[in-house]
Protein chains: 2
Amino acid sequence: MGTRVARGFGQYSGVARAVERVGERWALLIVRDLLAGARRYSDLKQSLPRIPTNILSDRLKELQEAGVVRRVPIVRGGYELTEAGLALAPAVLALERWGWSALGEPAEGEVVSADALAVSLHAAFRPDAAASLPPTEYVLHVAGTSLSAMVAGGGLDVVPIGPGALPQPHRRTATAAPADVLELVVEPGAFRDLLTDASAATSLRAAAADIGMTVLAGGPGLVDRFRRTFRIEPVAPDDAAGAAGEASVA
Amino acid sequence: MGTRVARGFGQYSGVARAVERVGERWALLIVRDLLAGARRYSDLKQSLPRIPTNILSDRLKELQEAGVVRRVPIVRGGYELTEAGLALAPAVLALERWGWSALGEPAEGEVVSADALAVSLHAAFRPDAAASLPPTEYVLHVAGTSLSAMVAGGGLDVVPIGPGALPQPHRRTATAAPADVLELVVEPGAFRDLLTDASAATSLRAAAADIGMTVLAGGPGLVDRFRRTFRIEPVAPDDAAGAAGEASVA
DNA sequence: CGGGATCCCAAGCGATACTG
DNA sequence: CAGTATCGCTTGGGATCCCG
């Protein structure tokens with residue numbers, strides 16, 4: 001049939017409703033990619049290489065029925081988030097932050113897409129830290145994909161670089177070119193270390209080459225600026241022998 | 001087999017990892033209930049009436065492997081969240097808030113559990129608003145379950161009422177009895193209206209009986225205080241004819 | 001009796017092939 | 001390019017059964 005009557009959980013609850021709408025396999029990854037901007041069917045298929053085409057088709061239909069996604073009027077095969085879909089941003093970014101704590105090294109065959117990277121940057125972005133820093137452009141090359149993150153005055157704007165399909169109405173308002181530009185080539189694992197603040201805190205620039213990162217452009221100190229602008233707090237590793245009394249939401 | 005090798009998405013990404021760990025059907029609802037406190041197998045089975053017992057068993061095993069859940073040392077059949085599991089709170093609460101916007105009326109046969117209710121209150125809680133209000137206890141009776149929410153100085157503590165299993169180490173520190181106590185009996189739909197701030201803003205107390213709510217105890221004004229303390233912003237309904245240019249995370 | 005494990009069937013998922 | 005159709009395989013659902 002394709003479109004399927006969502007199997008409920010029999011609960012009158014917020015998360016139950018949320019999971020009914022965006023909890024099917026692949027659905028939240030589609031939402032994540034659309035959070036980076038409107039995309040066409042083939043764009044999604046490319047940034048989600050392992051999704052079967054029928055599943056992508058089914059999910060897009062279901063997400064439309066759920067009021068999360070709608071078609072872009074003019075563009076053939078174009079999809080974008082509705083208001084309700086955009087409202088998922090806090091939840092998706094929270095999951096993104098949580099997922100980073102478990103992100104280990106990339107497994108065999110795992111890819112990094114530009115959209116995923118863009119959302120990671122949004123999840124890691126610290127507006128208040130950025131507000132007190134001079135405008136900066138960060139150009140990142142990670143695992144074959146490239147993007148540019150403009151940071152100015154507490155705001156963040158990420159756009160993919162390259163033969164970008166679907167010209168976005170990116171409101172990168174013609175601000176004067178930023179004084180500082182940092183351009184990095186990083187391997188996925190090194191990118192995680194960059195954001196996660198893990199081990200190499202101070203010796204990072206020195207050991208840059210060792211951990212899979214090379215600075216193409218940008219003076220010293222810009223890497224530190226990046227790390228103050230983008231950071232995800234790691235979660236304490238699971239303690240098998242934790243003391244008692246642990247419960248309840250913070 | 002039971003425990004299953006998690007099917008990956010082939011993505012090196014935070015949300016992909018998150019969904020691999022807690023994205024299976026029912027998993028996030030289990031986490032939600034455990035966010036309300038440690039629970040036993042039978043407690044979970046009761047608050048999730050429609051979960052097949054084998055699925056509950058499988059999920060608990062998987063969540064343990066994922067480092068999200070661990071067994072409670074002494075209690076037989078007791079489960080609780082690990083540090084990593086607790087770190088899911090922001091994501092679960094964000095999903096809870098989003099889900100409320102789509103929560104409509106309860107469908108036939110849908111239940112409301114005390115744990116779900118407790119998480120809803122946490123999701124709706126406004127610490128800054130609460131900080132400027134006098135300490136208050138809210139006793140809610142919704143669809144057969146009851147709970148007490150203590151609000152004092154920007155803090156919230158929710159405990160179920162009744163023959164509560166698994167005596168929680170609830171750090172409801174022996175604060176002096178709150179000056180004000182509001183006790184309500186609300187139907188599920190009315191509870192949603194209470195939180196969602198929807199239509200009946202001012203005429204709420206007058207129309208209390210009409211919308212399925214009765215005040216058992218508490219002076220006038222306490223309902224308004226409740227609504228200032230607990231509120232979830234609704235999401236604009238999906239506009240099928242929205243203008244162009246909508247994209248990117250906020 | 002609470003805490004699970006086993007079974008079977010239906011539904012969802014994945015891979016491939018195919019069409020407007 | 002943007003999907004639809006088909007076909008095995010895997011998972012979830014529901015009932016039953018087992019074990020301490």
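The structure displayed is predicted, hence computed values, not measured ones. Every chain is numbered from 1 and lettered A, B, ... according to where its sequence line falls, protein lines coming before strand lines.
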Scan nucleotides 18-20 of chain D against the protein and return all N/O pairs shorter than 3.5 Å with their distances rounded to 0.1 Å.
none

Practice problem: Would you check if there is a donor-acceptor pair between the side chains of A:S113 and B:Q11 at a distance under 3.5 Å? | Solution: no

Quiz prompt | Upstream residue (5' side of DNA chain D) when A:R71 and A:F9 are each assigned their closest nucleotide | solution = A:R71

Self-check item: Terminal helix-axis angle for the helix from C:dC1-D:dG20 to C:dT19-D:dA2, with five pairs defining each axis and rounding to 10 degrees
Solution: 30°

Quiz prompt | B:I30 CD1 to C:dG3 C1', straight-line distance once rounded to whole Å | solution = 15 Å

Practice problem: Mind calculating the distance between CD1 (A:I55) and P (C:dA17) to the nearest angstrom? | Solution: 18 Å

Practice problem: Would you mind reading off the distance between A:R50 atom CZ and C:dA15 atom C1', rounded to a whole angstrom? | Solution: 12 Å

Quiz prompt | Integer-rounded Å distance: D:dG14 P and B:L56 CG | solution = 14 Å

Practice problem: State whether a side-chain donor-acceptor pair under 3.5 Å links A:Y41 with A:T53. | Solution: yes

Exercise. Write down the distance between CG (B:L48) and P (D:dG12), rounded to a whole number of angstrom.
Key: 15 Å

Quiz item: Could you give all pairs that pass the salt bridge (Lys or Arg N to Asp or Glu O under 4.0 Å) test and reach residues 86-107 of chain A, with sequence neighbours left out?
Solution: A:E105-A:R192

Quiz item: So, for B:L34 and B:Y79, which heavy atoms are closest and what is the spacing to 0.1 Å?
Solution: CD2-O, 3.6 Å

Quiz item: Are any of A:R25's side-chain N or O atoms less than 4.0 Å away from OP1 or OP2 of C:dG14?
Solution: yes

Quiz item: Closest nucleotide of DNA chain C for A:W26 versus for B:L60: which of these residues is on the 5' side?
Solution: B:L60

Quiz item: So which heavy atom on A:S13 is nearest to which on B:L103, and how close?
Solution: O-CD1, 3.6 Å

Quiz prompt | Of B:I51 and A:S42, the one whose closest DNA chain D nucleotide lies more 5' | solution = A:S42

Going by atom type alone, with no hydrogens or angles, which donor-acceptor pairs under 3.5 Å involve a side-chain atom of residues 44-52 of chain A and a protein atom two or more places apart or on another chain?
residue, atom, partner, partner atom, Å
A:S47, OG, A:D33, OD2, 2.6
A:S47, OG, A:D43, O, 3.2
A:S47, OG, A:L44, O, 3.3

Quiz item: Distance under 6.0 Å and angle within 45° of the ring axis: does B:R25 meet both against A:F9?
Solution: yes

Practice problem: Hey, could you give me each pair passing salt bridge (Lys or Arg N to Asp or Glu O under 4.0 Å) that has a residue in residues 110-123 of chain B? Not counting sequence neighbours. | Solution: A:R17-B:E110, B:R39-B:D115

Practice problem: For the residue pair A:W100 and B:Y12, categorise the inter-ring angle as parallel (less than 30°), tilted (30 to 60°) or perpendicular (more than 60°). | Solution: perpendicular

Set out, line by line, the N/O atom pairs under 3.5 Å between protein and nucleotides 4-7 of chain D.
residue, atom, partner, partner atom, Å
D:dT4, OP2, A:S57, OG, 2.6
D:dT4, OP2, A:K61, NZ, 3.4

Quiz item: Choosing from C:dC13, D:dG13, D:dA2, which nucleotide comes nearest the side chain of A:R40?
Solution: D:dA2

Quiz item: How many angstroms lie between CG in A:L88 and CG in A:L93, if you round to the nearest 0.5 Å?
Solution: 10.0 Å

Quiz item: Can you check the A:L44 CG to D:dA2 P distance for me, whole Å?
Solution: 10 Å

Quiz item: With a 4.5 Å heavy-atom cut-off, do B:E183 and B:H141 have their side chains touching?
Solution: yes

Exercise. Figure out the CZ/P separation between B:R59 and D:dG13, and round it to whole Å.
Key: 8 Å

Quiz item: Which heavy-atom pair separates B:A143 from B:V112 by the least distance, and what is that distance?
Solution: CB-CB, 4.2 Å

Quiz prompt | Rounded distance in Å - CG (A:D43) to P (D:dA2) | solution = 7 Å

